[in-house]
Amino acid sequence: RFQKVALNAAKQSKRVAIPLLHPMTELSKVLKNIDPKGIHLFPSLNGHPQHIKEVLHKASVDSTITIFIGPEGDFTPEEVRMAQESNCIPVSLGSSVLKVETAAIVTVGFVRLLLKG
């Protein structure tokens, strides 16, 4: 269902590339299979992560970007630790606490604005 929504949204906005959405999967399984050359954004309220714009300013347009969106209430400190050990970068989306669906849209918006143009 989500992939169909992504396809229709891509058509509506005249995008060439269709975002690839994966089904919900255990975080530990996903972390084992991420691209070692990519940039893996991990928005979180835990700790004091860098703002997403600081991370994206260091990226190139050709970078593969993975975005992790956590559950309502945020990732646990253990999940953040596991992500960091897998080369994910905890990022802040700003001072507001966002709902899950809003965090996803905001994160993609930052990537489009700051990196993809």
Parallel, tilted or perpendicular, as decided by the 30° and 60° cut-offs, for the rings of F75 and F42: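 Aromatic pair F42/F75 classed parallel.
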Calculate, to the nearest 0.5 Å, the distance between atoms [atom1] and [atom2] belonging to [X] and [Y] respectively.
X: N8; Y: K4; atom1: CG; atom2: NZ; answer: 6.5 Å
X: M82; Y: E78; atom1: CE; atom2: CD; answer: 6.5 Å
X: T107; Y: L93; atom1: OG1; atom2: CG; answer: 4.0 Å
X: E72; Y: L98; atom1: CD; atom2: CG; answer: 10.0 Å
X: I34; Y: C88; atom1: CD1; atom2: SG; answer: 4.0 Å
X: I65; Y: L56; atom1: CD1; atom2: CG; answer: 5.5 Å

Are [X] and [Y] linked, directly or through other ILVMFWY residues, by side chains that come within less than 4.5 angstrom of each other?
X: V30; Y: I69; answer: no
X: I67; Y: L31; answer: no
X: L41; Y: V100; answer: yes
X: L45; Y: F68; answer: no
X: L27; Y: V80; answer: yes

Q12, CD: over 12 other non-hydrogen atoms inside 6.0 angstrom: no
Stepwise side-chain contact (heavy atoms from CB on, under 4.5 Å) check, T76 with N46: CA-CA 8 Å; T76 66; N46 284 307; 5.7 Å; no
Side-chain donor or acceptor of D74 paired with backbone N/O of G70 under 3.5 Å: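 Not confirmed, D74 side chain does not pair with G70 backbone.
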Donor-acceptor under 3.5 Å (H40 side chain, D35 main chain):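 Between the backbone of D35 and the side chain of H40 there is a qualifying donor-acceptor contact (under 3.5 Å).
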Residue pair K29 / N33: nearest heavy atoms and the distance that separates them: O-ND2, 3.1 Å
From CA spacing to verdict: side-chain contact (heavy atoms from CB on, under 4.5 Å), I89, Q50: CA-CA 8 Å; I89 305 168; Q50 302 177 68; 4.0 Å; yes
4.5 Å side-chain heavy-atom contact, L114 and H57: yes
Lys/Arg-Asp/Glu bridge criterion (N-O < 4.0 Å) met for E54, K58: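 K58 and E54: not salt-bridged.
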